[in-house]
Structures are given as structure tokens and as C-alpha cells.
Number of protein chains: 2
Amino acid sequence: MEDEVDRLVAAWRRERPDLDVEPLEVLSRVSRLARHLDRARRLAFAEHSLEPWEFDVLTSLRRAGDPYQLSPGQLLTQTLVTSGTMTNRIDRLATKGLVERLPDPTDRRGVLVRLTPEGRDRADQALAGLLAQERAILGELSRSQRGELADLLRQLTAPFDNVPG
Amino acid sequence: MEDEVDRLVAAWRRERPDLDVEPLEVLSRVSRLARHLDRARRLAFAEHSLEPWEFDVLTSLRRAGDPYQLSPGQLLTQTLVTSGTMTNRIDRLATKGLVERLPDPTDRRGVLVRLTPEGRDRADQALAGLLAQERAILGELSRSQRGELADLLRQLTAPFDNVPG
DNA sequence: TTCAACTATCTTGACATCAAGACACTTTTC
DNA sequence: GAAAAGTGTCTTGATGTCAAGATAGTTGAA
């Protein structure tokens with residue numbers, strides 16, 4: 001089946017036959033798919049009264065394991081936002097009682113963000129919902145295709161994730 | 001090579017061994033890669049004094065071919081933003097002299113957005129820069145791997161692009 | 001020990017985005 | 001041909017994000 005990127009690439013080949021636009025076949029699809037996924041995730045989380053950004057922070061802490069705490073700096077690298085954004089997010093989650101700020105006992109500049117029991121429950125519930133939705137989206141692909149796709153994507157993400165870029 | 005999603009998935013398997021988190025192997029990579037691409041694109045466009053959103057609008061018009069004009073509604077479906085956002089974007093691009101608004105001669109509610117000659121040049125220059133950068137990112141993959149990846153991604157994007165969802 | 005360089009977090013101000021709805025015009029239905 | 005339903009664009013108000021810089025604390029070198 002044809003998608004919007006097929007149409008986009010065909011248009012470029014007509015308008016700019018001098019250029020090789022093949023890279024768009026991969027990377028424009030990644031960007032557009034991410035945009036669709038954002039919308040779908042927003043809907044899925046709405047059933048649990050969570051915003052996508054709330055889910056991102058809560059689940060980062062949830063994954064850290066007992067006692068479910070990380071520094072704001074560690075949260076930055078996981079969620080790919082700036083420090084100002086993270087301060088704001090932590091403030092709002094703390095107001096809602098889903099996380100709390102604790103002083104870092106080993107560094108007086110530092111802070112630790114800890115999940116409250118309610119925050120943990122909300123994260124767990126929303127994760128289950130997200131996985132159900134993602135399985136539906138991936139229903140298009142066979143198990144082996146999903147594995148192939150994951151491997152190819154890993155080759156593109158690894159350089160970003162492993163250098164200080 | 002390992003990436004952040006490998007670590008994320010391993011953490012979930014430790015914390016929630018009861019859940020099948022395999023969908024994250026694909027879709028979390030798509031979301032994170034898109035985020036990295038956004039940042040890289042922002043840098044590439046800065047050399048041409050364009051914001052990513054400006055590029056998106058200008059190139060949509062560029063691809064339309066002579067006379068390089070589309071309605072705001074057509075621009076919406078290409079760029080995946082809301083109508084309020086598009087109104088704002090067109091305003092700013094018009095102020096900068098890169099596009100102009102014309103009345104639609106066939107529908108008095110309607111408007112046509114047309115690229116100015118300067119807008120067209122800027123779009124062409126920025127596209128060349130973007131393609132160079134994307135080629136560098138895709139250098140990790142062989143030609144056949146890029147083809148495979150594009151095909152697998154198309155299977156995921158096509159349902160979004162072809163239903164009114 | 002003291003000073004410079006570095007690091008972690010937070011503050012600030014500007015700005016782009018979205019959702020919801022208003023408004024004007026067009027198309028369909030009876 | 002008049003009313004209802006539909007469509008295209010713009011306005012409004014709230015909000016989340018970013019870049020840049022401020023502040024406080026830590027570390028390393030001499």
C-alpha cells in the first residue's frame with residue numbers, strides 16, 4: 001500500500017529530478033510515524049488521565065526499580081528534554097502527588113525524585129494500556145518482521161545514544 | 001551495538017516480568033529516533049536561517065510544482081498540525097516575504113498560499129542541506145537495508161495515512 | 001588551603017502548539 | 001429557493017517547551 005511519503009518522494013522526483021531524495025524514504029517515515037504515534041499515545045493515556053509527558057517521567061522512575069528514584073539529570077537523558085522542562089514537569093507531578101523531591105544525601109546541589117505509591121500505580125496502569133495499543137499498531141507485521149525492524153532501527157539510534165550528542 | 005531502548009526494555013523485563021514489552025523494541029525506537037532527528041534537523045536548517053516548521057511549509061508548497069500554491073487545508077494534511085497552528089505559520093512566513101496569501105477564485109471562504117521566488121530558493125537550498133545530513137545518518141546502513149527499512153516502515157505508516165484517522 | 005573550573009538544578013522570558021469554538025461561505029435536502 | 005448541514009479558515013486562551021543564564025555546591029591543581 002502507498003503512504004504519504006511515497007507521494008512526497010514522487011513529487012520531489014518530479015520537481016527536482018537532479019536530486020537523490022532516497023534518504024527521505026526512511027527518515028521522513030520515521031518522523032511522520034512518530035507524529036502519528038504521539039497522537040495515538042495521547043488518546044491511550046487520556047483513559048488514565050495522564051499526559052504523555054507525565055507517563056514518560058513516571059515510567060522512567062518506575063523502571064529504575066525500588067526505591068523508584070532518580071536525579072533530574074538522569075531523567076533528562078532518558079526523556080530527551082531540557083533541564084528547564086524537567087524542572088517544570090517535576091513541579092507539576094509533585095503538585096499532583098505522583099512524585100516527591102528529596103535532597104540527595106551525597107551531594108548538596110542534588111535532588112532525588114521519587115515516585116509515590118500512587119504514581120507507581122498510575123504508571124503501571126498506563127503502561128498496560130500503551131502496550132495494548134502498540135500491539136494493535138504492530139499487528140501489520142509478523143513477528144520476524146518486527147525483529148528485523150527493531151534491529152535496523154537500533155543501528156540508527158545507537159550512534160545518537162552512545163556518543164554525547 | 002546497544003542503544004537506550006535495549007536498556008529500557010531490559011529494565012522493564014526486570015521490573016515487570018509479567019508483561020510482554022516487545023512492542024517497545026520497535027515503537028520506542030521510532031519515537032526516540034524522531035526526537036534525535038528533530039534536533040539534527042534544527043541544526044542543519046539553522047545554517048539556512050530556517051526553522052524546521054518553516055521548512056515543512058515551504059517544501060510542501062515547493063513540491064506542489066508551479067505555481068507553488070496550496071490551500072491551508074492541504075497544508076494541514078501534509079504537515080500534521082492543527083489549523084490554528086497553520087494560520088500562525090502562514091502569517092509569519094508571509095511577514096518574512098516567503099509566501100503570500102491569495103483569495104481562492106473558486107471558493108470565497110478559501111485562501112491559497114503561494115511561495116514567493118525567495119521562498120522557493122530558500123526551500124531548495126535547505127533541502128539540499130537536509131539530504132546531505134540524512135545521508136550521513138543513514139551511512140550506517142547498506143543500500144538494501146535502507147530499502148528493507150523503508151518497506152517495513154511503510155507498512156506501519158500506510159494505515160495512518162490512508163484512513164481518516 | 002585556596003582558587004578556578006566544573007557540575008546540577010532551577011529561573012526567566014519568548015514562543016510555538018493545541019483544542020475548542022466563531023465566522024463566513026457552500027452544498028445538500030426537501 | 002429556503003433551511004440545515006457541512007466545510008474552510010481564523011481567533012482565543014491555556015499550556016508546554018526551549019535557550020540562556022543564575023545560583024549553589026563540588027572537585028582538582030598547585
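Throughout, a chain's letter reflects where its sequence line sits, starting with A, and its residues are numbered from 1. Just so we're clear, the structure is a prediction, and the values are computed from it rather than from any experiment.
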Rounded to whole angstrom units, what separation is found between the [atom1] atom of [X] and the [atom2] atom of [N]?
X        : N      : atom1 : atom2 : value
B/Asp91  : D/dT12 : CG    : P     : 12 Å
B/Asp56  : C/dT17 : CG    : C1'   : 14 Å
A/Asp104 : D/dT26 : CG    : C1'   : 12 Å
A/Arg39  : C/dA19 : CZ    : P     : 8 Å
B/Trp53  : D/dC18 : CH2   : P     : 18 Å
A/Asn88  : C/dT9  : CG    : P     : 16 Å
A/Leu75  : C/dT9  : CG    : C1'   : 12 Å
B/Leu93  : C/dA16 : CG    : P     : 11 Å

On DNA chain D, more 5' by nearest nucleotide between A/Thr85 and A/Arg108 is A/Thr85

Comparing nearest nucleotides in DNA chain D, the 5'-proximal residue of the pair B/Gln74, A/Thr106 is B/Gln74

Using a cut-off of strictly less than 4.0 Å, decide whether [X] has a side-chain nitrogen or oxygen near OP1 or OP2 of [N].
X        : N      : answer
B/Arg101 : D/dC10 : yes
B/Thr87  : D/dC10 : yes
A/Arg35  : C/dC18 : yes
A/Arg42  : D/dG16 : no
A/Arg89  : D/dT17 : yes
A/Thr82  : D/dC18 : yes

Tested for side chain to side chain contact (heavy atoms under 4.5 Å, CB included) against B/Arg101, the lone hit among B/Asp91, B/Leu93, B/Leu112 is B/Asp91

A correct 5'-to-3' footprint of nucleotides 3-8 of chain C, with B, S and - meaning base, sugar-phosphate only and no protein heavy atom under 4.0 Å, is ----BS

Looking at [Y] and [X], is there a salt bridge between them, counting it only when a charged N and a carboxylate O are closer than 4.0 Å?
X        : Y        : answer
B/Asp6   : B/Arg29  : yes
A/Arg41  : A/Asp56  : yes
A/Asp151 : A/Arg154 : yes

Under a 3.5 Å distance rule, please check whether [X] uses its side chain to pair with a backbone N or O of [Y] as donor and acceptor.
X        : Y       : value
B/Arg39  : A/Leu80 : yes
A/Gln133 : A/Ala40 : yes
B/Ser31  : B/Ser28 : no

*Quiz item: B/Ser83 side-chain donor-acceptor pair to D/dC10 base, under 3.5 Å*: yes

